Amino acid sequence: MTVEITGFDWVPDFAKGFVRDLRPRWACEEIGLAYDMRLMDPRNRPAAYFTEQPWGQVPALIDGGVHLFESGAILLHLGERDERLLPRDPQARADAISWLFAAYNSVEPMLFELGNVEIFAAGEPWAELRKPSLVAAIGQKLDRLAAAMGEREWLAGQFSVADIAMATVLRQAEGSGLLTDRPVLRAYLERAIARPAFKAALAAQLADFKPEHAPA
């Protein structure tokens with residue numbers, strides 16, 4: 001059965017390839033699950049969509065009669081469909097779920113704040129004051145992540161939704177220098193984004209940003 005994923009048909013250039021519908025697209029590509037995209041302009045979101053996603057964000061997913069929002073919940077749902085995304089061994093499953101939550105609760109918020117400091121509040125005095133301590137705090141988080149990974153290839157042993165979550169989060173640190181001196185994390189991210197399913201999902205998302213949707 002084909003699932004439906006909601007995404008945007010236009011975003012500013014800096015956001016292209018990073019919109020969070022990339023996450024369920026990647027999961028679907030990993031298991032060969034067909035999906036359709038329902039695209040909308042983020043500057044003119046249909047009022048009805050807020051009944052599906054309270055903040056009008058993407059992604060949302062429809063799988064038969066099941067409607068979900070939030071990328072973490074969607075990844076868990078897709079993982080339940082196929083053990084290639086979520087291991088069935090109890091401890092491996094617990095590890096995958098724990099790291100999925102860790103990506104979104106322990107790592108992403110600080111990287112999101114860094115994006116706010118560097119992009120949306122660039123040049124603001126408060127942002128310049130905040131950045132050094134924020135970068136240091138993110139570095140500590142990433143050091144603990146690298147130590148926890150050790151020599152493992154993937155977070156839960158086998159590739160899982162946890163790696164889709166963590167890799168898409170770590171991509172937000174590219175270009176910041178935060179991964180340069182952390183070879184464990186740099187190599188981990190390179191492995192993840194080298195996967196054919198990631199490349200297919202990324203190409204599909206980029207193809208959906210049509211030039212005619214750019215602001216006049």
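Small disclaimer: the values here were computed from a predicted structure and weren't measured. Heavy-atom basis, side chains included; hydrogens, waters and symmetry copies ignored.
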Student: Counting only heavy atoms from other residues, nucleotides and ligands, does the tally under 6.0 Å from CZ of F50 exceed 12?
Tutor: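 Check passes, neighbour count above 12.
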
Student: Not counting sequence neighbours, which residues clear salt bridge (charged side-chain N to carboxylate O under 4.0 Å, His left out) with D82? List them please.
Tutor: R84

Student: Flag yes if more than 12 heavy atoms outside R144 fall under 6.0 Å of its CZ atom; otherwise flag no.
Tutor: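 Not more than 12 within 6.0 Å, no.
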
Student: Sequence neighbours excluded and cut-off under 3.5 Å, please list the side-chain donor-acceptor pairs for residues 51-61, or say none.
Tutor:
unit_1 : atom_1 : unit_2 : atom_2 : d
T51    : OG1    : A48    : O      : 2.6
E52    : OE1    : R38    : NH2    : 2.7
E52    : OE2    : R38    : NH1    : 3.0
Q53    : OE1    : W55    : N      : 2.7
Q53    : OE1    : G56    : N      : 3.1
Q53    : OE1    : Q57    : N      : 3.4

Student: Show me the donor-acceptor pairs within less than 3.5 Å that the side chains of residues 189-203 make with the rest of the protein, sequence neighbours left out.
Tutor:
unit_1 : atom_1 : unit_2 : atom_2 : d
R191   : NE     : E153   : O      : 3.4
R191   : NH2    : E153   : O      : 2.9
R195   : NE     : E30    : OE2    : 2.8
R195   : NH2    : E30    : OE1    : 2.9

Student: So, taking the atom named CD1 in I5 and the one named CZ in R25, what distance separates them when rounded to the nearest 0.5 Å?
Tutor: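 Spacing of CD1 (I5) from CZ (R25) equals 7.0 Å.
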
Student: Tell me the side chain to side chain donor-acceptor pair (under 3.5 Å) pairs involving residues 114-137, sequence neighbours left out?
Tutor: E113-R130, E118-K131, R130-S133

Student: Grouping I, L, V, M, F, W and Y whenever their side-chain heavy atoms are under 4.5 Å apart, do V66 and L85 come out in a common cluster?
Tutor: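 Both belong to a single hydrophobic cluster.
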
Student: Would F112 and F120 count as a close aromatic pair, with their ring centres under 6.0 Å?
Tutor: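 F112 vs F120: aromatic centres not under 6.0 Å.
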
Student: Using side-chain heavy atoms (C-beta onward) and a distance below 4.5 Å, is L86 in contact with L75?
Tutor: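 Result no, sub-4.5 Å side-chain heavy-atom pair not found.
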
Student: I'd like to check L155 versus M166 (side-chain heavy atoms, cut-off strictly below 4.5 Å). Are they in contact?
Tutor: yes

Student: Answer whether the closest heavy-atom distance between the side chains of T168 and R20 falls below 4.5 Å.
Tutor: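 No - every pair of side-chain heavy atoms lies 4.5 Å or more apart.
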
Student: Quick one: does D208's side chain get under 4.5 Å of D9's, heavy atoms only?
Tutor: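 They are not in side-chain contact.
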
Student: Over 60° means perpendicular and under 30° means parallel, so tell me whether F159 and W26 are parallel, tilted or perpendicular.
Tutor: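 Answer is tilted, since the angle falls between 30° and 60°.
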
Student: Taking salt bridge (charged side-chain N to carboxylate O under 4.0 Å, His left out) as the cut-off, I'd like each qualifying pair that reaches into residues 163-179, sequence neighbours left out, listed once.
Tutor: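 Residue pairs passing salt bridge (charged side-chain N to carboxylate O under 4.0 Å, His left out), neighbours aside: none found.
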
Student: Please evaluate residues F69 and Y49 with respect to the criterion ring-ring contact (aromatic ring centres under 6.0 Å, His included), reporting the C-alpha separation (whole Å), side-chain torsions for both, the decisive distance (0.1 Å), and the verdict.
Tutor: CA-CA 11 Å; F69 65 95; Y49 183 62; 9.5 Å; no

Student: Does D143 have any side chain to side chain donor-acceptor pair (under 3.5 Å) partners at least two apart in sequence or in another chain, and if so, which?
Tutor: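 Partners of D143 by the side chain to side chain donor-acceptor pair (under 3.5 Å) criterion, ordered by chain and then number, come out as R182.
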
Student: Does the side chain of H77 reach to within under 4.5 Å of the side chain of I74, using non-hydrogen atoms?
Tutor: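 Answer no - side chains too far apart.
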
